[in-house]
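Contents: one structure, followed by commentary.
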Protein chains: 2
Amino acid sequence: MDRFLSSAINKIDTKGRVSVPAHFRSVVQKRGFADLYALRALDIPAMDVGGPDLLDRYEQRIALEDPFLQTADDMSFFVHGDGSFLKLDQDGRITVSDFIREHTGITSEVAFVGRGLFFQMWEPERLRAYGAQVRERLLKLRQQASQGRPAASSE
Amino acid sequence: MDRFLSSAINKIDTKGRVSVPAHFRSVVQKRGFADLYALRALDIPAMDVGGPDLLDRYEQRIALEDPFLQTADDMSFFVHGDGSFLKLDQDGRITVSDFIREHTGITSEVAFVGRGLFFQMWEPERLRAYGAQVRERLLKLRQQASQGRPAASSE
DNA sequence: TATCGGCCCATGCTATCCCATTGAGTACAT
DNA sequence: ATGTACTCAATGGGATAGCATGGGCCGATA
């Protein structure tokens, strides 16, 4: 399996390091990522982490915006500005920078969440709250579908 | 037979392991699954367990959505993040993680329920209660039908 | 010189391997 | 029908390997 799946919570040690889950590391290796890019997710307090393809994805997203409007510029600044990238040490750990802590609220523990082609880093408590919201939205979607709305509709 | 059918209740040992029913294991083998994937069911305290095809089905569904809208993101979060791998050991057992226990309420025993292309894991008492609810709903539906209401209605 | 990042090793926990035991079901012979 | 031997599944437990974690050391940098 070469996709980022399932989730795990690991502790940050006194030096500010945290182990990337072994399964994620093997995916990273299998996909041939030399290093990892961590980007601030646009509307949630999480980091999106992945290989170079992650940047492409974000750029596609930004390209949807009108280049004359400020939004596109803001997004570009947000995504590329600082664009921290993460080095795995020999034990498969990364250092959690202030950049990451500020955006996510991470302090002593990191929740790693597989998202298929990339993974996310969350503050565990915030992840839990967000997960509950997601389930609620999906349930509502399902109820709408069963009331005769077309199943493939996103709105 | 290559479908998951019938049900069984097995005990969790002191190490947190539980045997997957032999019949289910033979289905897993027949379908050529290397490992199993367990997903938290949306509106019930059960795990949906299946092979990679279960994941493929969900991913195909996600592909129908606009990748930059919230619905696609929610679905991916649910499918990729809200699940976990289950590795069968050499004796056909899996370890019941806290991740599973939290969602299902499982403590010392697991009820395995065949659902055709996948199977479910329940806390036995909750399964019993849920089964009663299902029967009640079906009974009500039938009564309504005999009173002239349309039988296929979901309300 | 003080700090930080990277390298290496130690430790403890848990998942996994491997083997033993138990018990239920089945076939077969008397 | 009944007893016996066989098979296979579930369960228990010792041994081990992999992984998360903690901490020491060193070299680069400011």
Side-chain angles (χ1 to χ4, degrees), chain A residues 1 4-30 33-38 49 82-102 106-114 119 121-124 127, chain B residues 1 4-30 33-38 47 49 83-102 106-114 119 121-122 124:
Chain A
M1 187 66 60
F4 295 103
L5 294 175
S6 86
S7 63
I9 295 177
N10 287 342
K11 288 173 193 168
I12 299 179
D13 67 16
T14 52
K15 289 182 176 181
R17 298 170 303 182
V18 66
S19 291
V20 174
H23 174 252
F24 285 9
R25 296 203 302 262
S26 79
V27 174
V28 167
Q29 198 176 12
K30 211 166 282 176
F33 297 160
D35 31 35
L36 291 172
Y37 294 86
V49 186
D82 238 2
S84 108
F85 78 103
L86 304 174
K87 255 188 239 161
L88 281 168
D89 74 13
Q90 281 189 325
D91 295 332
R93 287 185 278 200
I94 56 175
T95 339
V96 181
S97 63
D98 287 346
F99 177 74
I100 293 176
R101 291 177 196 264
E102 269 172 34
I106 287 171
T107 55
S108 62
E109 287 188 327
V110 180
F112 291 87
V113 182
F119 65 87
M121 293 172 63
W122 284 82
E123 194 285 314
L127 171 65
Chain B
M1 183 60 64
F4 295 105
L5 288 176
S6 86
S7 66
I9 294 177
N10 286 342
K11 289 175 193 166
I12 298 179
D13 67 18
T14 53
K15 291 181 177 179
R17 300 172 300 184
V18 66
S19 292
V20 174
H23 174 251
F24 287 7
R25 295 204 303 263
S26 78
V27 175
V28 166
Q29 197 176 13
K30 209 166 284 177
F33 298 158
D35 35 31
L36 293 171
Y37 190 69
M47 305 299 296
V49 186
S84 82
F85 279 111
L86 298 180
K87 252 190 238 157
L88 279 169
D89 73 13
Q90 284 187 325
D91 296 330
R93 287 184 279 198
I94 56 175
T95 50
V96 181
S97 61
D98 288 346
F99 181 79
I100 293 176
R101 292 175 196 264
E102 266 176 37
I106 287 171
T107 55
S108 61
E109 288 188 328
V110 180
F112 292 87
V113 183
F119 64 87
M121 291 172 65
W122 284 81

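Numbered from 1 within each chain, the chains take letters A, B, ... in sequence-line order. Just so it is clear, the values below take in all heavy atoms, side chains as well, and ignore hydrogens, waters and symmetry mates. Everything numeric here is computed off the predicted structure, so don't read it as measured data.
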Enter the distance from A:L86:CG to A:I100:CD1 here, rounded to the nearest 0.5 Å. 5.0 Å

Measure from CD on A:Q90 to P on D:dC19 and round the result to the nearest Å. 16 Å

Salt bridge (Lys or Arg N to Asp or Glu O under 4.0 Å): which pairs involve residues 7-24 of chain A, sequence neighbours left out? A:D13-A:R17, A:D13-A:R93

Starting at CG of B:D89 and ending at C1' of D:dA17, how long is that distance when rounded to a whole Å? 15 Å

From CD1 of A:I12 across to P of D:dG23 the rounded distance in Å is 15 Å

Residue closer to the 5' end of DNA chain D, B:I9 versus B:K15 (nearest nucleotide): B:I9

Partner residues of A:F4 under the ring-ring contact (aromatic ring centres under 6.0 Å, His included) criterion, sequence neighbours left out: A:F24, A:F119

Can you tell me how far apart OG (B:S7) and NE2 (B:H23) are? Round to the nearest 0.5 Å. 12.0 Å

In this structure, how many angstroms lie between the C1' atom of D:dG13 and the CG atom of B:D13, rounded? 9 Å

Can you list everything that forms a side-chain hydrogen bond (donor to acceptor under 3.5 Å, both in side chains) with B:D89? Sequence neighbours excluded, please. none

Atom-to-atom span, CZ of A:R93 to P of D:dA20 - whole angstrom: 10 Å

The first and last nucleotides of DNA chain C lying within contact of chain A, meaning any atom under 4.0 Å from one of its heavy atoms, run from C:dG6 to C:dC9

Report each atom pair, protein N/O against N/O of nucleotides 7-10 of chain D, whose distance is under 3.5 angstrom.
from, atom 1, to, atom 2, distance (Å)
D:dA10, OP1, B:A22, N, 3.3
D:dA10, OP2, B:A22, N, 3.4
D:dA10, OP2, B:R25, NH1, 3.1

Residue A:E109 excluded, over 12 heavy atoms near CD under 6.0 Å: yes

By side chain to side chain contact (heavy atoms under 4.5 Å, CB included), which residues pair with A:A111, not counting sequence neighbours? A:I9, A:W122, A:P124, A:L127

Would the distance check show the side chain of B:N10 and the main-chain N or O of B:V18 forming a donor-acceptor pair, the cut-off being under 3.5 Å? no

